Amino acid sequence: MISLGVESTADNLGIGIVSSDKQVLANYIKIHVPQEGGIHPREAARHHSENMGKAIKTALDQAEITMKDVDIISFAQGPGLGPCLRTGATGARALATYLKKPLVGVNHCVAHVEVGRMATDAVDPLTLYVSGGNTIVSGYESGRYRIFGETLDIAIGNCLDTFARAAGLEYPGGPEIERRARLGDKLIRLPYVVKGMDLSYSGLLTAITTELMTGKHDVNDLCFSLQETAYAMLGEITERALAHTNKPELLLTGGVAANKRLAGIVIDIAEDHGATPYIVPIRLAADNGAMIAWTGLIAYKAGHQTPLDESHVNPYWRMDQVKVPWRN
Ligand code: AMP
Ligand code: MG
(Lines give C-alpha, C1' and ligand atoms only; values in the text may rest on other atoms or scores of the structure.)
(Ligands and ions follow the chains in the order given, each with its own letter.)
Protein backbone atom coordinates (compact mmCIF):
# COMPACT_ATOMS: atom_id res chain seq x y z
CA MET A 1 0.00 0.00 0.00
CA ILE A 2 1.25 3.50 -0.89
CA SER A 3 0.27 6.71 0.91
CA LEU A 4 0.84 10.26 -0.33
CA GLY A 5 1.04 12.83 2.49
CA VAL A 6 0.55 16.58 2.37
CA GLU A 7 2.19 18.67 5.11
CA SER A 8 1.37 22.38 5.20
CA THR A 9 0.96 23.38 8.85
CA ALA A 10 3.38 26.33 8.72
CA ASP A 11 6.24 27.48 6.47
CA ASN A 12 7.10 24.07 4.98
CA LEU A 13 5.14 22.57 2.12
CA GLY A 14 5.93 18.86 2.16
CA ILE A 15 4.81 16.07 -0.13
CA GLY A 16 5.86 12.61 1.01
CA ILE A 17 5.22 9.18 -0.42
CA VAL A 18 5.61 6.15 1.83
CA SER A 19 4.85 2.45 1.40
CA SER A 20 3.53 0.03 4.03
CA ASP A 21 6.96 -1.62 4.26
CA LYS A 22 8.34 1.68 5.69
CA GLN A 23 10.06 2.80 2.49
CA VAL A 24 10.17 6.57 2.10
CA LEU A 25 9.80 6.74 -1.69
CA ALA A 26 9.80 10.55 -1.77
CA ASN A 27 10.00 13.37 0.75
CA TYR A 28 9.95 16.66 -1.14
CA ILE A 29 10.05 19.83 0.98
CA LYS A 30 9.64 23.40 -0.25
CA ILE A 31 10.20 26.06 2.41
CA HIS A 32 8.61 29.50 2.38
CA VAL A 33 11.17 32.09 3.53
CA PRO A 34 9.54 35.36 4.63
CA GLN A 35 11.09 38.48 3.09
CA GLU A 36 11.08 40.09 6.52
CA GLY A 37 9.74 39.26 9.97
CA GLY A 38 8.23 35.93 11.01
CA ILE A 39 5.86 33.67 9.09
CA HIS A 40 2.84 35.52 7.71
CA PRO A 41 0.15 32.80 7.53
CA ARG A 42 -1.54 34.08 4.37
CA GLU A 43 1.73 34.61 2.52
CA ALA A 44 2.92 31.13 3.48
CA ALA A 45 -0.46 29.75 2.34
CA ARG A 46 -0.08 31.50 -1.01
CA HIS A 47 3.40 29.97 -1.37
CA HIS A 48 1.94 26.53 -0.68
CA SER A 49 -0.92 26.85 -3.16
CA GLU A 50 1.41 28.18 -5.87
CA ASN A 51 3.83 25.28 -5.38
CA MET A 52 1.43 22.41 -4.60
CA GLY A 53 1.07 21.08 -8.15
CA LYS A 54 4.78 21.15 -8.87
CA ALA A 55 5.60 19.63 -5.47
CA ILE A 56 3.24 16.69 -6.03
CA LYS A 57 4.72 16.08 -9.46
CA THR A 58 8.28 16.27 -8.10
CA ALA A 59 7.47 13.77 -5.34
CA LEU A 60 5.84 11.34 -7.80
CA ASP A 61 8.90 11.62 -10.07
CA GLN A 62 11.24 11.02 -7.11
CA ALA A 63 9.23 7.94 -6.15
CA GLU A 64 9.13 6.83 -9.80
CA ILE A 65 5.40 6.17 -9.62
CA THR A 66 2.25 7.79 -11.00
CA MET A 67 -0.85 8.96 -9.19
CA LYS A 68 -2.52 5.64 -10.14
CA ASP A 69 -0.11 3.80 -7.82
CA VAL A 70 -1.15 5.83 -4.77
CA ASP A 71 -3.71 4.10 -2.54
CA ILE A 72 -4.56 6.78 0.03
CA ILE A 73 -4.23 10.56 0.39
CA SER A 74 -3.14 11.76 3.83
CA PHE A 75 -2.97 15.37 4.98
CA ALA A 76 -2.07 17.33 8.09
CA GLN A 77 -5.44 18.39 9.52
CA GLY A 78 -3.96 20.31 12.48
CA PRO A 79 -2.58 21.83 14.60
CA GLY A 80 -1.04 24.71 12.67
CA LEU A 81 -1.68 28.02 10.95
CA GLY A 82 -5.26 28.14 9.60
CA PRO A 83 -4.60 29.46 6.07
CA CYS A 84 -1.66 27.08 5.57
CA LEU A 85 -3.62 24.08 6.83
CA ARG A 86 -6.58 24.95 4.59
CA THR A 87 -4.37 25.12 1.50
CA GLY A 88 -2.99 21.62 2.11
CA ALA A 89 -6.42 20.25 2.97
CA THR A 90 -7.91 21.69 -0.22
CA GLY A 91 -5.19 20.03 -2.31
CA ALA A 92 -5.62 16.71 -0.54
CA ARG A 93 -9.42 16.77 -0.88
CA ALA A 94 -9.14 17.58 -4.57
CA LEU A 95 -6.75 14.67 -5.15
CA ALA A 96 -8.84 12.20 -3.14
CA THR A 97 -12.09 13.21 -4.84
CA TYR A 98 -10.70 13.29 -8.36
CA LEU A 99 -8.83 10.00 -8.00
CA LYS A 100 -11.54 8.36 -5.85
CA LYS A 101 -9.00 7.44 -3.13
CA PRO A 102 -9.58 7.38 0.64
CA LEU A 103 -8.73 10.60 2.48
CA VAL A 104 -7.03 10.46 5.90
CA GLY A 105 -6.64 13.53 8.14
CA VAL A 106 -3.58 13.29 10.38
CA ASN A 107 -2.57 15.10 13.57
CA HIS A 108 0.78 16.78 12.86
CA CYS A 109 2.21 16.17 16.36
CA VAL A 110 1.23 12.49 16.37
CA ALA A 111 2.90 12.21 12.95
CA HIS A 112 6.20 13.50 14.38
CA VAL A 113 6.14 10.70 16.95
CA GLU A 114 5.02 7.98 14.52
CA VAL A 115 7.65 8.75 11.89
CA GLY A 116 10.23 8.80 14.70
CA ARG A 117 9.15 5.29 15.68
CA MET A 118 9.24 4.27 12.02
CA ALA A 119 12.71 5.70 11.36
CA THR A 120 14.40 4.38 14.52
CA ASP A 121 14.18 1.22 16.60
CA ALA A 122 12.06 3.01 19.22
CA VAL A 123 8.88 1.08 20.10
CA ASP A 124 7.35 2.85 23.10
CA PRO A 125 9.32 6.05 23.67
CA LEU A 126 8.78 9.13 25.74
CA THR A 127 9.09 11.83 23.08
CA LEU A 128 10.48 15.34 23.31
CA TYR A 129 9.08 17.15 20.24
CA VAL A 130 10.68 20.56 19.73
CA SER A 131 10.01 22.72 16.70
CA GLY A 132 9.13 26.18 15.42
CA GLY A 133 5.54 25.87 16.63
CA ASN A 134 5.49 23.14 19.27
CA THR A 135 7.27 22.07 22.46
CA ILE A 136 5.72 18.90 23.85
CA VAL A 137 6.75 15.95 26.03
CA SER A 138 4.45 13.02 25.32
CA GLY A 139 4.12 9.29 25.63
CA TYR A 140 1.58 6.61 24.75
CA GLU A 141 -0.76 5.48 27.52
CA SER A 142 -4.18 3.76 27.29
CA GLY A 143 -5.01 4.46 23.67
CA ARG A 144 -3.64 7.99 23.31
CA TYR A 145 -0.48 10.04 23.19
CA ARG A 146 -0.70 11.76 26.56
CA ILE A 147 0.91 15.16 26.99
CA PHE A 148 3.13 15.17 30.09
CA GLY A 149 4.58 18.63 29.62
CA GLU A 150 4.44 21.47 27.13
CA THR A 151 5.14 25.16 26.65
CA LEU A 152 2.58 27.48 28.19
CA ASP A 153 3.26 30.15 25.57
CA ILE A 154 5.71 30.19 22.64
CA ALA A 155 7.62 27.22 21.23
CA ILE A 156 11.39 26.82 21.66
CA GLY A 157 12.04 27.25 17.90
CA ASN A 158 9.94 30.42 17.85
CA CYS A 159 11.98 31.76 20.79
CA LEU A 160 15.28 31.00 19.01
CA ASP A 161 14.14 32.40 15.65
CA THR A 162 12.73 35.61 17.15
CA PHE A 163 15.92 36.29 19.11
CA ALA A 164 18.04 35.55 16.02
CA ARG A 165 16.03 38.08 14.03
CA ALA A 166 16.50 40.73 16.72
CA ALA A 167 20.25 40.02 16.72
CA GLY A 168 20.45 40.20 12.92
CA LEU A 169 21.43 36.53 12.56
CA GLU A 170 20.66 34.35 9.58
CA TYR A 171 17.18 32.76 9.16
CA PRO A 172 16.22 30.30 10.58
CA GLY A 173 17.92 31.17 13.83
CA GLY A 174 18.46 27.74 15.42
CA PRO A 175 21.54 26.61 13.49
CA GLU A 176 23.29 29.99 13.67
CA ILE A 177 22.62 30.29 17.42
CA GLU A 178 24.07 26.79 17.84
CA ARG A 179 27.22 27.73 15.91
CA ARG A 180 27.72 30.93 17.90
CA ALA A 181 26.91 29.28 21.23
CA ARG A 182 29.99 27.10 20.73
CA LEU A 183 32.10 30.28 20.65
CA GLY A 184 30.53 31.79 23.79
CA ASP A 185 31.36 30.92 27.39
CA LYS A 186 29.95 33.62 29.68
CA LEU A 187 26.63 32.57 31.21
CA ILE A 188 24.29 35.56 31.46
CA ARG A 189 21.54 35.13 34.07
CA LEU A 190 18.19 34.63 32.35
CA PRO A 191 14.72 33.61 33.58
CA TYR A 192 14.44 29.83 33.99
CA VAL A 193 10.70 29.13 33.99
CA VAL A 194 9.52 25.60 34.70
CA LYS A 195 6.08 25.18 36.25
CA GLY A 196 5.52 21.60 37.27
CA MET A 197 5.71 19.59 34.07
CA ASP A 198 5.34 22.66 31.83
CA LEU A 199 7.62 25.49 30.84
CA SER A 200 7.44 29.01 29.43
CA TYR A 201 9.70 30.81 26.97
CA SER A 202 8.16 34.25 26.55
CA GLY A 203 9.88 35.76 29.62
CA LEU A 204 13.19 34.27 28.52
CA LEU A 205 12.77 35.80 25.07
CA THR A 206 12.00 39.23 26.52
CA ALA A 207 14.98 39.03 28.87
CA ILE A 208 17.51 37.92 26.24
CA THR A 209 16.25 40.60 23.84
CA THR A 210 16.62 43.21 26.60
CA GLU A 211 20.19 42.03 27.26
CA LEU A 212 20.91 42.27 23.53
CA MET A 213 19.62 45.85 23.43
CA THR A 214 22.02 46.95 26.20
CA GLY A 215 24.84 46.36 23.70
CA LYS A 216 27.02 45.19 26.61
CA HIS A 217 27.28 41.54 25.63
CA ASP A 218 29.07 39.54 23.00
CA VAL A 219 26.42 37.94 20.73
CA ASN A 220 28.14 34.56 21.11
CA ASP A 221 27.69 34.77 24.90
CA LEU A 222 24.02 35.66 24.41
CA CYS A 223 23.58 32.62 22.14
CA PHE A 224 25.41 30.41 24.63
CA SER A 225 23.29 31.65 27.54
CA LEU A 226 20.04 31.34 25.61
CA GLN A 227 20.80 27.74 24.61
CA GLU A 228 21.99 26.68 28.05
CA THR A 229 18.94 28.13 29.80
CA ALA A 230 16.33 27.05 27.25
CA TYR A 231 17.68 23.50 26.89
CA ALA A 232 18.14 23.03 30.65
CA MET A 233 14.42 23.76 31.03
CA LEU A 234 13.62 21.16 28.37
CA GLY A 235 15.94 18.72 30.10
CA GLU A 236 14.18 19.18 33.45
CA ILE A 237 10.65 18.49 32.23
CA THR A 238 11.82 15.62 30.03
CA GLU A 239 13.72 13.96 32.84
CA ARG A 240 10.78 14.30 35.23
CA ALA A 241 8.39 12.78 32.71
CA LEU A 242 10.82 9.94 32.03
CA ALA A 243 11.20 9.23 35.74
CA HIS A 244 7.42 9.16 36.27
CA THR A 245 6.50 7.15 33.17
CA ASN A 246 9.45 4.75 33.27
CA LYS A 247 9.47 4.59 29.48
CA PRO A 248 12.27 2.40 28.13
CA GLU A 249 13.18 4.84 25.34
CA LEU A 250 13.60 8.58 24.85
CA LEU A 251 12.97 10.03 21.38
CA LEU A 252 14.02 13.52 20.30
CA THR A 253 12.27 14.98 17.26
CA GLY A 254 11.17 18.22 15.54
CA GLY A 255 13.41 20.71 13.74
CA VAL A 256 15.25 21.67 16.95
CA ALA A 257 16.35 18.01 17.30
CA ALA A 258 19.14 18.99 14.87
CA ASN A 259 20.81 20.77 17.79
CA LYS A 260 23.84 18.82 19.08
CA ARG A 261 23.79 20.43 22.53
CA LEU A 262 20.14 19.47 23.07
CA ALA A 263 20.76 15.98 21.69
CA GLY A 264 23.64 15.61 24.19
CA ILE A 265 21.35 16.55 27.09
CA VAL A 266 18.69 14.08 25.92
CA ILE A 267 21.26 11.28 25.59
CA ASP A 268 22.60 11.99 29.12
CA ILE A 269 19.11 11.94 30.62
CA ALA A 270 18.25 8.68 28.88
CA GLU A 271 21.45 7.03 30.06
CA ASP A 272 20.94 8.20 33.65
CA HIS A 273 17.53 6.48 33.64
CA GLY A 274 18.46 3.31 31.78
CA ALA A 275 16.48 4.33 28.69
CA THR A 276 17.68 4.11 25.10
CA PRO A 277 17.99 7.50 23.37
CA TYR A 278 16.95 8.02 19.75
CA ILE A 279 17.49 11.20 17.72
CA VAL A 280 15.29 11.35 14.60
CA PRO A 281 17.31 12.18 11.44
CA ILE A 282 16.66 15.75 10.36
CA ARG A 283 14.85 15.02 7.06
CA LEU A 284 12.19 13.20 9.05
CA ALA A 285 12.42 15.30 12.25
CA ALA A 286 11.61 18.67 10.67
CA ASP A 287 8.16 19.20 9.17
CA ASN A 288 7.80 16.91 6.15
CA GLY A 289 5.23 15.06 4.07
CA ALA A 290 6.58 11.55 4.70
CA MET A 291 5.55 11.70 8.36
CA ILE A 292 1.99 12.57 7.33
CA ALA A 293 1.95 9.85 4.66
CA TRP A 294 3.20 7.24 7.13
CA THR A 295 0.78 8.16 9.92
CA GLY A 296 -2.12 8.29 7.47
CA LEU A 297 -1.18 4.83 6.31
CA ILE A 298 -1.09 3.20 9.74
CA ALA A 299 -4.30 5.00 10.76
CA TYR A 300 -6.03 3.80 7.58
CA LYS A 301 -4.88 0.24 8.20
CA ALA A 302 -6.39 0.51 11.69
CA GLY A 303 -9.74 1.41 10.09
CA HIS A 304 -9.61 5.19 10.08
CA GLN A 305 -10.75 7.42 7.19
CA THR A 306 -11.79 11.07 7.04
CA PRO A 307 -15.05 11.68 5.14
CA LEU A 308 -15.10 14.96 3.20
CA ASP A 309 -17.63 16.54 5.55
CA GLU A 310 -15.30 15.87 8.49
CA SER A 311 -12.17 17.06 6.73
CA HIS A 312 -12.22 20.68 7.94
CA VAL A 313 -8.91 21.69 9.50
CA ASN A 314 -8.37 22.25 13.22
CA PRO A 315 -5.59 24.76 14.03
CA TYR A 316 -5.82 23.89 17.76
CA TRP A 317 -6.08 20.10 17.55
CA ARG A 318 -4.15 18.66 20.50
CA MET A 319 -2.37 15.35 20.12
CA ASP A 320 -4.02 13.92 23.23
CA GLN A 321 -7.44 14.28 21.56
CA VAL A 322 -6.49 11.69 18.94
CA LYS A 323 -7.38 8.02 19.40
CA VAL A 324 -4.49 5.80 18.26
CA PRO A 325 -5.96 2.33 17.73
CA TRP A 326 -2.90 1.20 15.75
CA ARG A 327 -0.89 1.05 18.99
CA ASN A 328 -3.17 -1.55 20.64
P1 AMP B 1 10.11 22.54 12.36
O2 AMP B 1 9.08 23.53 12.88
O3 AMP B 1 9.98 21.19 12.99
O4 AMP B 1 10.17 22.48 10.87
O5 AMP B 1 11.54 23.09 12.86
C6 AMP B 1 11.99 24.38 12.54
C7 AMP B 1 12.71 24.97 13.75
O8 AMP B 1 13.91 24.24 14.02
C9 AMP B 1 13.14 26.42 13.55
O10 AMP B 1 12.69 27.17 14.67
C11 AMP B 1 14.67 26.34 13.52
O12 AMP B 1 15.32 27.50 14.03
C13 AMP B 1 14.92 25.14 14.39
N14 AMP B 1 16.25 24.55 14.17
C15 AMP B 1 16.75 24.03 13.04
N16 AMP B 1 18.03 23.63 13.22
C17 AMP B 1 18.34 23.90 14.53
C18 AMP B 1 19.51 23.73 15.34
N19 AMP B 1 20.63 23.21 14.86
N20 AMP B 1 19.44 24.13 16.64
C21 AMP B 1 18.30 24.66 17.14
N22 AMP B 1 17.19 24.85 16.42
C23 AMP B 1 17.19 24.48 15.13
MG1 MG C 1 6.27 20.30 13.48
Side-chain angles (χ1 to χ4, degrees), residues 5 7-16 27-34 37-39 41 44 47-48 76 78-81 84-85 88 107-116 119 127-136 138 150-151 154-167 169-184 201 204-205 208 220 222-235 251-266 279-292 295 315 319:
E7 156 63 33
S8 72
T9 56
D11 52 345
N12 286 18
L13 171 66
I15 305 291
N27 197 14
Y28 178 73
I29 299 170
K30 174 105 179 31
I31 303 177
H32 167 66
V33 179
I39 306 171
H47 164 270
H48 298 344
L81 305 171
C84 301
L85 284 168
N107 181 287
H108 173 93
C109 305
V110 169
H112 272 290
V113 175
E114 288 304 344
V115 86
T127 300
L128 173 59
Y129 160 38
V130 276
S131 71
N134 294 286
T135 306
I136 299 175
S138 73
E150 63 190 316
T151 180
I154 58 172
I156 173 65
N158 189 350
C159 177
L160 296 172
D161 293 340
T162 309
F163 168 73
R165 213 156 47 233
L169 306 182
E170 215 170 277
Y171 179 91
E176 182 62 7
I177 291 174
E178 174 170 26
R179 193 184 69 77
R180 285 174 168 274
R182 271 191 230 111
L183 306 171
Y201 282 124
L204 174 59
L205 176 60
I208 188 88
N220 297 340
L222 288 165
C223 291
F224 172 71
S225 306
L226 176 58
Q227 276 209 166
E228 289 307 304
T229 310
Y231 296 159
M233 288 158 56
L234 284 174
L251 185 76
L252 176 63
T253 193
V256 184
N259 190 282
K260 294 282 180 293
R261 176 70 179 121
L262 180 60
I265 292 172
V266 163
I279 316 291
V280 179
I282 190 64
R283 288 288 293 180
L284 293 174
D287 291 347
N288 68 88
M291 69 183 199
I292 304 299
T295 309
M319 70 190 295

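Predicted model, so just to flag it, every value in this text is computed and none were measured. Atoms within a ligand are numbered from 1 in the order they appear, just like the ligands themselves.
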Polar-atom distance check: Leu160 versus ligand 1, any N or O pair below 3.5 Å? no
Looking only at non-hydrogen atoms, find the nearest pair between Tyr129 and Asn134 and report the distance. OH-ND2, 3.0 Å
The reported gap from CG in Asn158 to OG1 in Thr151 (rounded to nearest 0.5 angstrom) is 9.0 Å
Test your reading of the structure: does Asn12 have an N or O sitting under 3.5 Å from an N or O of ligand 1? no
Just verifying a value: how many Å separate Ile208 CD1 and Cys223 SG, rounded to the nearest 0.5 Å? 7.5 Å
N or O contact, Ala285 vs ligand 1, cut-off under 3.5 Å: no
Mind checking whether Asn259 has an N or O less than 3.5 Å away from an N or O of ligand 1? yes
Tell me whether Gly133 has any N or O atom under 3.5 angstrom from an N or O of ligand 1. no
Examine ligand 1 and decide if any of its atoms is less than 4.0 Å from a heavy atom belonging to Tyr171. no
Min N/O separation Asn158 to ligand 1 under 3.5 Å: no
Decide yes or no for Val130 and Tyr231: does some side-chain heavy atom of the first lie under 4.5 Å from some side-chain heavy atom of the second? no
Which is it for Asp287 and ligand 1 at heavy atoms under 4.0 Å: side chain, backbone, both or neither? both
Nearest 0.5 Å, please: how far is CG in Asn12 from CG in Asp287? 5.0 Å
Asn288 to Glu7 - nearest heavy-atom pair and separation: O-CB, 3.4 Å
